[in-house]
Amino acid sequence: MPILLHDTLAGQKRELTTLEPGAVGLYACGPTVYDFAHLGHARCYVVWDVVVRHLRARGYRVKYVRNFTDVDDKIIARANQRGEDPVALAARFSDAFHQDLDALGCLRPDAEPRVSGHIPEIVELIGLLVQKGYAYAPGNGDVYFSVRKFPEYGKLSRRNLDDLLAGARVDPGEAKQDPLDFALWKGAKPGEPRWPSPWGEGRPGWHIECSAMTRKHLGDRFDLHTGGKDLVFPHHTNEIAQSVCACGDGLHADQYARHWMHNGFVEIDDEKMSKSLGNFFTVRQVLERYDAEGLRLFLLGTHYRRDFNFSDQVLGEAELRLGYLYETLEKADRLAAGTAPAAGDTLLERCRAALDDDFNTPQVLGLLAEAFTAANTLCDLKGKKTPEQRAALAAFAAAARTVGETLGLLGRTPGAALLALRTRAAARRGIDGVVVEARLAERAAARKARDFARSDAIRDELLAGGVAIMDGPEGTTWKVAG
RNA sequence: GGCACCGUCGCCAAGUGGUAAGGCAAGGGUCUGCAAAACCCUUAUUCCCCGGUUCGAAUCCGGGCGGUGCCUCCA
């Protein structure tokens, strides 16, 4: 089964082809670590996590590389502001980034290179570009890439040089031959971190780091490069130019990464969420109030290429939905206990097929929805279940969990997840579980005495406080009302 | 201004030539002491508008209208 993906370079859906059969080298542009991860980061790294998981489920050996940009203007500015060492500040926020993504159930990449650890590789790559005549050092300590020497410059972002020229800007102190040229190396300014180089002390420009790190960890060419769609220009456009000129034939834009995938934005009130606009929620802010797995389900509810608007309402719905999924699994587990799964269940393969087609997670969730409804129908049938029914439920539960594994969902035991979800929801509503349990005990006594007036009064009172109760054969349970 | 993307039920959201998935909400029902949960049924002859191509279009083409993004740091 081929994997189809929307390839930015091709401008359309294409079949994934790899340099080496059965293996994928994947590079995801990582964060610049000067602050906590926000929901935009959460979205894209959850998506790339699903891409990695699905490719592996389809039998590919994936080498997943994601960098930390730890040398950068903003990091330096933030560090100076706080009187902290830039590299130390970056290390602090990369730790926080790990915590947040771990909480969201993202697998750690196979390699997580940092700019600060790849200066020699960067210097070497710049040297190669200078030597081949694609880059020049005007003598002010900077080194620039000569954009007009790469014929396919702008292919990824579908721009031509003349259009770009209108918006081009040259900062004072720069010595570009052409306004569109960009810095590979920036001469050191006072108070900035610096490393030695043939062109004097300084630090790497923004784009060269990724070219150097992909080269070191994945080779001169590799299979798949991903990132937010805001990186298409200039970052990825420049990366291609550098790498193709340094390591490829200097002519063709496809001689770096074979495929490019870009994710859409998370928005607030229909505006892009970004650090510079200041309209962002950090992952940890959201996780104070909501369940991490619920957030993950929410993020996967929209196809990765689309923008989507963050809202408390939809996030809350996703968390309730997660509760439903676990409740169903719990029932199915109970009824199917000790039964071998029936053969012939197609849920897993249908979900895999949906992921094969450009990682269509919303479609997978739709397929799961139908399967969960069907499973609930089976569970709710009156009377003792037949062996066939129990086997069907066992097959359902197994398939659902396997799909869940690829999505990074449904990995908890239902009981634990449901308790955690209820605790979370109760905290949001200011509900004290101990008080609820006490009232439920009173109500149980009333019901035993068939004092339904009193029992219903307690129920109404609890419901008014946001507590919904369910009477079952094994006693009364409660949850936070949706 | 240039280049992209997007506009599908009250809300969220798949579907990119073959006759509108799914979720939430809403209404009716089963179950229940009554409820809740769960399940069942119902809810877009229609996909921003106008033309065109086609046996057939939400899907392709042209033109509008509306929104967003990139062109400067950004996932």
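Hydrogens, waters and symmetry mates play no part in the numbers below; they use all other heavy atoms, side chains included. Quick note on labels: first sequence line is chain A, next is B, and so on, each numbered from 1.
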J.: Any side-chain donor paired with an acceptor under 3.5 Å for A:S211 and A:E239?
T.: no

J.: With respect to the side chain of A:D471, which nucleotide from B:G33, B:C40, B:G69 is positioned closest?
T.: B:G33

J.: Counting side-chain heavy atoms from C-beta on, which of B:G33, B:G23, B:C71 comes nearest to A:R447?
T.: B:G33

J.: Could you let me know what B:G33 is paired to, Watson-Crick or G-U wobble, both distances under 3.5 Å, or none if it's on its own?
T.: none

J.: Considering Watson-Crick and G-U wobble pairs with both distances under 3.5 Å, what does B:G66 pair with?
T.: B:C6

J.: Base, sugar-phosphate, or nothing: which does A:R158 touch, judged by heavy atoms less than 4.0 Å apart?
T.: sugar-phosphate

J.: From the list B:C24, B:C73, B:C39, which nucleotide is the closest neighbour of the side chain of A:S276?
T.: B:C73

J.: Kindly point out which of B:C71, B:A75, B:G33 is positioned nearest to the side chain of A:D456?
T.: B:G33

J.: Is it the case that over 12 heavy atoms from other parts of the model lie below 6.0 angstrom from the CG atom of A:D162?
T.: yes

J.: Tell me yes or no: between the side chains of A:H118 and A:H217, is some donor less than 3.5 Å from an acceptor?
T.: yes

J.: Can you tell whether the side chains of A:R296 and A:D49 come within less than 4.0 Å, N to carboxylate O?
T.: yes

J.: Have a look at A:R43 and say if it touches a base, only the backbone sugar-phosphate, or nothing, with a 4.0 Å heavy-atom cut-off.
T.: nothing

J.: Does B:C60 have a Watson-Crick or wobble mate here (both distances under 3.5 Å), and if so which one?
T.: B:G52

J.: Need one value for A:L231: base, sugar-phosphate or nothing, where a base atom within 4.0 Å counts as base even if backbone is also close, heavy atoms only.
T.: sugar-phosphate

J.: For nucleotides 10-16 of chain B, read 5' to 3', which letter fits each nucleotide if B means a protein heavy atom sits under 4.0 Å from the base, S means only the sugar-phosphate is that close, and - means neither?
T.: --SSSS-

J.: With a 4.0 Å cutoff (strictly under), does any side-chain N or O of A:K275 reach OP1 or OP2 of B:A75?
T.: yes

J.: Among B:C70, B:A36, B:A75, which nucleotide has an atom closest to any side-chain atom of A:R159?
T.: B:C70

J.: When the aromatic ring centroids of A:F280 and A:F310 are compared, is their separation below 6.0 Å?
T.: no

J.: When rounded to the nearest Å, what value does the distance between C1' atoms of B:G22 and B:C55 take?
T.: 31 Å

J.: Going by distance alone, is a donor N or O of one side chain under 3.5 Å from an acceptor N or O of the other, for A:H6 and A:D358?
T.: no

J.: Is any side-chain N of the basic residue among A:R352 and A:E349 closer than 4.0 Å to the acidic one's carboxylate O?
T.: no

J.: Can you tell me how far P in B:G1 sits from the matching atom in B:G64, rounded to whole Å?
T.: 12 Å

J.: For the side chain of A:T361 and the backbone of A:H303, is there at least one donor-acceptor N/O pair under 3.5 Å apart?
T.: no

J.: My understanding is that a pair needs two contacts under 3.5 Å, Watson-Crick or G-U wobble. By that rule, which nucleotide pairs with B:G1?
T.: B:C71

J.: Would you measure the distance from the P atom in B:A57 across to the matching atom in B:U19 and give it in whole Å?
T.: 12 Å

J.: With heavy atoms under 4.0 Å as the rule, sort A:D380 into base, sugar-phosphate or nothing.
T.: base

J.: Do A:Y153 and A:R148 come within less than 4.5 Å of each other through their side chains, counting heavy atoms only?
T.: no

J.: For B:A26, which nucleotide is its Watson-Crick or G-U wobble mate, given both distances must be under 3.5 Å?
T.: B:U42

J.: Below 4.0 angstrom, which residues in residues 260-268 of chain A have at least one non-hydrogen atom near RNA chain B?
T.: A:N263, A:G264, A:F265, A:V266, A:E267

J.: Between B:C39, B:C71, B:A38, which nucleotide gets closest to the side-chain atoms of A:T373?
T.: B:C39

J.: Under 3.5 Å, is there a donor-acceptor pair linking the side chains of A:T302 and A:R306?
T.: no

